[in-house]
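Here is the structure we will look at, set down as structure tokens.
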Amino acid sequence: MTKYKRITGMRDVLFDDQPYCRYILAKIQETTDLFGYRRLDTPLLEQANLFVRGVGEGTDIVEKEMYIFDDRDGAQLALRPEFTAGIMRAFVENGLHTLPTPLRVWTVGPLFRHERPQAGRYRQHSQFDIEIIGEQDPAVDVEIISVAWHLFTSLGFYGLRLYINSTGCPACKPTYIQALVDYFTPHAGKLPPDDQMRLQKNPLRILDSKEEATQPLLENAPHITDHLCDDCDDHFTKFKAYLDAIERPYVVDYRIVRGLDYYTKTVFEIKADGLGSQDTICGGGRYDKLIEELGGRPTPSTGFGSGIERYVIALRHLGIEPPAEPLPKVTVSYLGQPAKLAALQLIETLRSENIGAILTPGDRSFKAQLKAANRNDAAFAIILGEDEVKAGQATVRNMVDSQQTAVNLTELVDWLKERL
RNA sequence: GUGGCUAUGGCUCAAUGGUAGAGCACCUGGUUGUGGCCCAGGAGGUUGUGGGUUCGAACCCCACUAGCCACCCCA
């Protein structure tokens, strides 16, 4: 056993995973370009208070999952547990409200939550995140779903499911919560302890409950969509109509609640197969009050976060392979010190001509160098020995058919370019 | 934070109380400058850590740690 180990819930991203990451990032860039989103990156560290205010004091993220610590000057910092609060902070701090609205932004990077790791869940994970800032038209709620769907389709996903709901707004949400409490209180005795707790602390969470005893009660529980105010009801109706218009199938799931306090009106999740019990690949919604909460002027916004590691798991599950990495197809080997100098010069030339090449170093036997060429998956092994250097040539071995050709060093670049 | 399962060389695993093995991977060699296949040889483990039981522990017991999965919650 090695002395130093990974921190719990953190992963090394090894070579087998990298082609997926590269593939996914490329598709994200294509998609965001197509939809007109600009990249905006924020720091990994923020004042802890930003998340307490933004995400909400009573949320699990703030209450028990944030990596929080004192800086050397005593300031309370947090590793960002989500993107939205930081992006909204950047929006306000940099005066981005002066840009044409709505502002469409995206970002990607690591987030940190001190949770117990399990399938598809890590303490450091990466999300692709987009936000549309400054627009309350439900058409943009549909647009972000369209972005997600375009990305997932271009990655090769199939069998994804879209679930939507509305969480109302400060005008109607409390009324609904009261209705929920009124409904469950007479049955409180039948609820399992966890759900009794929820009834006290966060009644909406009961809707999420997987407790068996609670299920029959949930069937007749009031739906928030029957308690929305006119404004929220209108928004939800249009949201669904626009989804219908673009023929994006969805299921209204009254039990989607989402764990962050800032959501208003639209919430949604996209689920995929093959992920175990953590099967949400994309989750988001609308947060019309967040920017005000953070000290900006009222600015309705909508967005989502989407877990990159879960993409990789789901892609593997579906048997979708990313393109191979474009590693060099040429190796340069040598025999003897004079040839080594020539090899070093040659390999510089190849790279300057944009021909990827790797040296088989170490002054080892010829056999070992060819072996190295083989293990590097070279298409061509370029061999320089005493004879070749004297003749101003290189021996080029085709590693597929084992044919060897003597090529003048002056013609080698063109010779390779014709064949690679 | 809670629960279940697991922990042996780089990887996948074997050995269930009596001196730690295999396959893959790795290194060297099979004569003079030729890879993949084959053959031969080699290196690599104080069996996650700490304690206990025993004449003797990879194996039994306890604790801790880590991993996986699930709950909670979420991407």
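Quick note on labels: first sequence line is chain A, next is B, and so on, each numbered from 1.
For the pair Gln278(A) CD and C68(B) P, the interatomic distance rounds to 13 Å; values are reported in whole Å. In this structure, the CD atom of Gln404(A) is 10 Å from the C1' atom of G33(B), given to the nearest Å. Spacing between atom CD1 of Ile61(A) and atom P of C72(B) amounts to 16 Å, rounded to whole angstrom units. As rounded to whole Å, 16 Å separates atom P of C72(B) from atom CG of Leu204(A). Here the P atom of nucleotide G33(B) and the CG atom of Leu335(A) are 7 Å apart, to the nearest Å. One can place CG of Asp12(A) at 12 Å from P of G67(B), the figure rounded to the nearest angstrom. Straight-line distance from the CD atom of Glu65(A) to the P atom of C73(B): 10 Å, rounded to whole Å. We find that CZ of Phe366(A) is positioned 13 Å from C1' of U32(B), with the value rounded to whole Å.
Heavy atoms of Ser333(A) sit nowhere under 4.0 angstrom from any nucleic acid atom. As judged by a 4.0 angstrom heavy-atom cut-off over every strand, Asp129(A) is placed among residues making no nucleic acid contact. Among the atoms of the strands shown, none is found under 4.0 Å from any heavy atom of Gly284(A). Residue-level contact check: Gln124(A) touches neither bases nor backbone, having no heavy atom under 4.0 Å from any strand. Counting non-hydrogen atoms under 4.0 angstrom, Ile281(A) reaches the backbone sugars and phosphates but no base. Residue-level contact check: Gly336(A) touches neither bases nor backbone, having no heavy atom under 4.0 Å from any strand.
Contact between Arg161(A) and Asp273(A) at its shortest, heavy atoms only, is NH1-OD1, 2.8 Å. The two residues Val330(A) and Leu350(A) come nearest to each other via the heavy atoms CG1-CD1, 4.3 Å.
The nucleotide A70(B) finds its pairing partner in U2(B), both defining distances of the Watson-Crick or G-U wobble pair being shorter than 3.5 Å. C24(B) and G10(B) make up a base pair, with Watson-Crick or G-U wobble contacts both under 3.5 Å.
Checking G33(B), U2(B), C71(B) against the side-chain heavy atoms of Thr395(A) singles out G33(B) as nearest. Counting only heavy atoms from C-beta on, Arg205(A) has its side chain closest to C73(B) among G36(B), G33(B), C73(B). Of the candidates C69(B), G33(B), A75(B), the closest approach to any side-chain atom of Thr280(A) belongs to A75(B).
One distance of note links CD1 of Ile130(A) with CH2 of Trp106(A); it measures 11.0 Å at 0.5 Å rounding.
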Base-contact (B) and sugar-phosphate-only (S) positions in nucleotides 23-30 of chain B, heavy-atom cut-off under 4.0 Å, - elsewhere: ---SSS-B

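Ring-plane geometry between His223(A) and Tyr254(A) is classed as parallel, the angle between the planes falling under 30 degrees on a 0 to 90 degree scale with a further cut at 60.
A close approach under 4.0 Å does occur between a side-chain nitrogen or oxygen of Ser277(A) and OP1 or OP2 of A70(B). OP1 or OP2 of C71(B) sits under 4.0 Å from a side-chain N or O of Gln118(A). A sub-4.0 Å separation between OP1 or OP2 of C73(B) and a side-chain N or O of Arg198(A) is present.
Here, G9(B) and C59(B) have their P atoms 14 Å apart, quoted to the whole Å.
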Apply side chain to side chain donor-acceptor pair (under 3.5 Å) to the pair Thr280(A) and Lys271(A), showing each step before the final yes or no. CA-CA 4 Å; Thr280(A) 299; Lys271(A) 291 174 185 284; 3.3 Å; yes

